[in-house]
Amino acid sequence: MEARIRSVEDIFEDFKGRRAGIIKALTTDVEDFYSQCDPEKENLCLYGLPNEQWEVNLPVEEVPPELPEPVLGINFARDGMQEKDWLSLVAVHSDTWLLSLAFYFGARFGFDKTDRKRLFSMINELPTIFEVVTGAAKKQVKEKSSVSNNIGSKSKSHSKSRASKTQGIQSKALQSKDEDEGLEEQDDDEHGETLCGACGENYGTDEFWICCDICEKWFHGKCVKITPARAEHIKQYKCPSCSNKRAR
């Protein structure tokens with residue numbers, strides 16, 4: 001497996017396969033997983049496999065291990081807490097392991113800053129195992145769906161215009177071309193140092209941005225999956241972070 005993986009896409013596919021296996025262990029196969037995690041046994045680990053399968057096994061004996069290892073001793077805590085809390089604990093440690101494994105491969109295969117950033121962006125598009133196991137992922141989807149379907153009449157004077165910052169549309173439709181250009185220059189000066197709340201990159205004149213009505217942070221539309229057309233129908237936009245806080 002390791003010799004085959006070379007590109008960002010290869011490592012992402014490996015990540016997805018292992019993630020799917022662990023999610024299966026903690027959800028659809030949870031009874032089998034629970035029974036295998038006998039507290040009377042030695043230190044056990046939950047391994048997600050690239051083929052979307054999982055296994056509970058002892059850690060490798062070699063030190064240091066060839067690959068990063070999952071957290072040890074998940075079986076010892078099984079009977080010491082409620083099952084849902086134990087599964088959540090295993091889930092969050094599994095998220096940590098998958099990230100460390102993915103970036104281990106990235107370092108081993110000489111990924112540069114751009115490749116590492118692209119890999120993380122692809123991983124970050126997926127809900128974490130913890131979010132899936134605890135149900136937070138479904139709550140986020142439901143809340144986003146509610147926001148996208150909440151279509152109402154928007155005030156032209158709304159302070160958080162959904163129009164593209166790149167076009168400088170802060171004026172009324174009947175303003176002259178000169179006035180539009182003046183407002184665009186003013187807008188560029190005002191937001192030149194603005195950073196995207198998702199990726200941390202600077203404002204660009206050729207990109208669509210949107211502002212959260214809760215925390216008032218600006219985001220690239222592509223980072224939060226909002227297009228200019230969709231933005232026109234959102235009465236109140238909440239960024240993923242604010243949506244997650246409400247879901248909890």
Side-chain angles (χ1 to χ4, degrees), residues 1-34 36-37 44-57 59-60 65-72 74 84 86-145 196 198-200 219-226 239-241 243-244 247:
M1 176 204 65
E2 186 179 346
R4 177 179 63 81
I5 296 179
R6 288 289 182 259
S7 69
V8 171
E9 288 73 19
D10 287 333
I11 294 179
F12 182 59
E13 287 301 314
D14 180 86
F15 176 92
K16 287 198 303 180
R18 295 176 187 273
R19 172 181 173 274
I22 294 176
I23 290 176
K24 186 184 298 183
L26 300 179
T27 55
T28 57
D29 295 349
V30 67
E31 292 184 6
D32 187 18
F33 170 67
Y34 187 89
Q36 290 191 37
C37 293
L44 293 176
C45 302
L46 172 60
Y47 292 89
L49 306 178
N51 62 354
E52 300 187 6
Q53 299 301 311
W54 60 275
E55 68 175 7
V56 173
N57 211 336
V60 297
E66 181 181 1
L67 300 176
E69 284 285 290
V71 66
L72 296 173
I74 58 173
K84 65 177 183 178
W86 175 66
L87 293 174
S88 297
L89 182 63
V90 175
V92 75
H93 278 294
S94 297
D95 282 319
T96 304
W97 174 60
L98 288 181
L99 282 173
S100 67
L101 189 59
F103 278 81
Y104 164 84
F105 285 130
R108 177 147 190 165
F109 297 129
F111 283 11
D112 58 17
K113 178 180 178 181
T114 300
D115 287 336
R116 292 194 303 271
K117 182 177 180 180
R118 188 157 67 92
L119 176 60
F120 180 77
S121 296
M122 294 168 72
I123 291 174
N124 203 37
E125 289 298 313
L126 300 173
T128 64
I129 297 174
F130 177 81
E131 289 172 335
V132 173
V133 171
T134 60
K138 292 183 179 179
K139 293 179 182 178
Q140 292 174 26
V141 171
K142 183 177 180 180
E143 178 128 354
K144 289 179 181 178
S145 177
C196 174
C199 68
F219 299 86
H220 291 108
K222 62 182 180 182
C223 289
V224 292
K225 296 185 177 180
I226 300 293
C239 68
S241 177
S243 295
N244 290 347

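Residues L46 and V90 come closest through the heavy atom pair CD2-CG1, 3.8 Å. Shortest non-hydrogen contact noted between P50 and D14 is CG-OD1, 3.4 Å. Scanning both residues, G106 and I11, for their nearest heavy atoms gives N-CD1, 3.8 Å. Between C45 and I74 the shortest heavy-atom distance is C-CD1, 4.0 Å. Closest approach of A102 and I123 over heavy atoms only: CB-CD1, 4.0 Å. A pairwise comparison of heavy atoms in R19 and P127 identifies NH2-O, 3.0 Å as the closest pair.
Considering only residues two or more places apart in sequence or on other chains, E69 meets the salt bridge (Lys or Arg N to Asp or Glu O under 4.0 Å) condition with none of them. Here K16 pairs with E13 under the salt bridge (Lys or Arg N to Asp or Glu O under 4.0 Å) rule; sequence neighbours left out.
The shortest distance between side-chain heavy atoms of W97 and I129 does not fall below 4.5 Å. Counting heavy atoms from C-beta outward, V60 and E66 have side chains that stay 4.5 Å or more apart. R108 has its side chain within reach of Y104: a pair of non-hydrogen atoms, C-beta onward, lies under 4.5 Å apart. Contact annotation: the side chain of D32 approaches that of Q36 to within less than 4.5 Å [non-hydrogen atoms, C-beta and beyond]. When side chains are defined from C-beta on, R18 counts as touching L101, because their heavy atoms get closer than 4.5 Å.
The distance from the OG atom of S121 to the CZ atom of R116 is 12.5 Å, given to the nearest 0.5 Å. Here the CD atom belonging to E131 is positioned 7.0 Å from the OG1 atom belonging to T134, to the nearest 0.5 angstrom. Taking CZ of F15 as the reference point, atom CZ of F105 lies at 12.5 Å (rounded to 0.5 Å). Note: M122 CE to E9 CD = 5.0 Å, rounded to the nearest 0.5 Å. Atoms CG and CD, from L44 and E55 in turn, are 11.0 Å apart once rounded to the nearest 0.5 Å. Atom CZ of residue F33 and atom CD1 of residue I22 lie 9.0 Å apart, to the nearest 0.5 angstrom.
By the 6.0 Å contact criterion, CZ on F103 is enclosed, its count of non-hydrogen atoms from other residues, nucleotides or ligands being greater than 12.
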